[in-house]
Amino acid sequence: MLKLGVNIDHVATLRQARGISYPDPITAARICEQAGADSIVCHLREDRRHIQDRDVLALRKTITTRLNLEMSLNPEIIKITEKIKPDIATIVPERRQEITTEGGLDIVKHFKKISRTVHTLQGKGIAVSLFIAPIKQHIEQACKSGATIIELHTGAYAEAKSPLTQTKELKKILTATQYAHALGLKVSAGHGLHYNNTAAITQINGLEELNIGHSIISEAVFIGLENAVKNMLRIIKGKK
Ligand code: PXP
């Protein structure tokens, strides 16, 4: 059954806005797990704009499902990841000025560095996922790098301005999932998914996990985090 990873970065965004101790992302992770989330995702950005090093350490100790740590290819971040040993390390591109992760990895350009990092992390017993666009060549390179998981960037689908473009983007995710699956890769997907655009994605066979953050944390402001996670789980798992 399709799994849900909840990204809790924006709980820390709210805390950092005031520079105080709440809301606490560790408490948020516990509530998400109790509500039925299959994993907890966070991104230790180079500028530490939301999640801090101490958060990742505490999450590693307290999470009872799986910790999926998003990370860039920055040497300091790689060292921290090796030390923390998340269950999954998801390598993502990172630009300081961006509001959020804007695109997939340029795996063709950075193949050597990515491949080296995949092997370094796998050597520490960490499963590695690569965040890439649903493009055949990028999937082939991901497979060649030794990574066993890919996460398909659903941003173009989520931001499509017309139903026609959205259908085209959905088809790209479907084709990419089938292709990656045939190559033996585990496939997850995420970015920009919310309560109205996730159902269509759940129809894609072969997808293992959806990683969703901003929409769930936003909904939690109105209905509470437990309910926000449960409502997304209903869409993903098709339960009442
Ligand atoms: N997956 C990856 C690799 C991401 O970088 C992000 C954004 O942090 C997400 C999923 C979640 O995206 P959103 O917050 O738009 O749901």
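Order of listing sets the numbers, starting from 1, for every ligand and every atom in it. Since the model is a prediction, treat every value here as computed from it, not as a measurement.
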Checking the N or O distance criterion of under 3.5 Å, is ligand 1 in contact with Ile212? no
Nearest heavy atom to atom 3 (C) of ligand 1: which of His50, Glu70, His43 does it belong to? Glu70
So, Ser218 versus Ser215: side-chain donor-acceptor pair below 3.5 Å or not? no
A student checking ligand 1 against Val92 at a 4.0 Å heavy-atom cut-off should list atoms 3 (C)
Contact between Leu105 and Ile91 at the side-chain level, heavy atoms closer than 4.5 Å - yes or no? yes
Nearest neighbour of atom 15 (O) of ligand 1 from the list Ser218, Ser188, Gly192, Gly104, on a heavy-atom basis: Gly192
Backbone of Pro134 reached by a side-chain donor or acceptor of Tyr179 within 3.5 Å: no
Using a strict 4.0 Å cut-off to heavy atoms of Glu151, name the atoms of ligand 1 that fall inside it. 1 (N), 2 (C), 3 (C), 10 (C)
Element-labelled atoms of ligand 1 that are located less than 4.0 Å from some non-hydrogen atom of Asn7: 8 (O)
Does the Asp9 side chain pair with the main chain of Arg49, one donor and one acceptor, at a distance under 3.5 Å? no
Cut-off 3.5 Å, side chains only: do Glu151 and Ser129 have a donor facing an acceptor? no
Show which atoms of ligand 1 fall inside a sub-4.0 Å distance from at least one heavy-atom site of His214. 13 (P), 14 (O), 16 (O)
Under 3.5 Å, side chain of Glu159 to main-chain N/O of Tyr157, donor-acceptor pair present? no
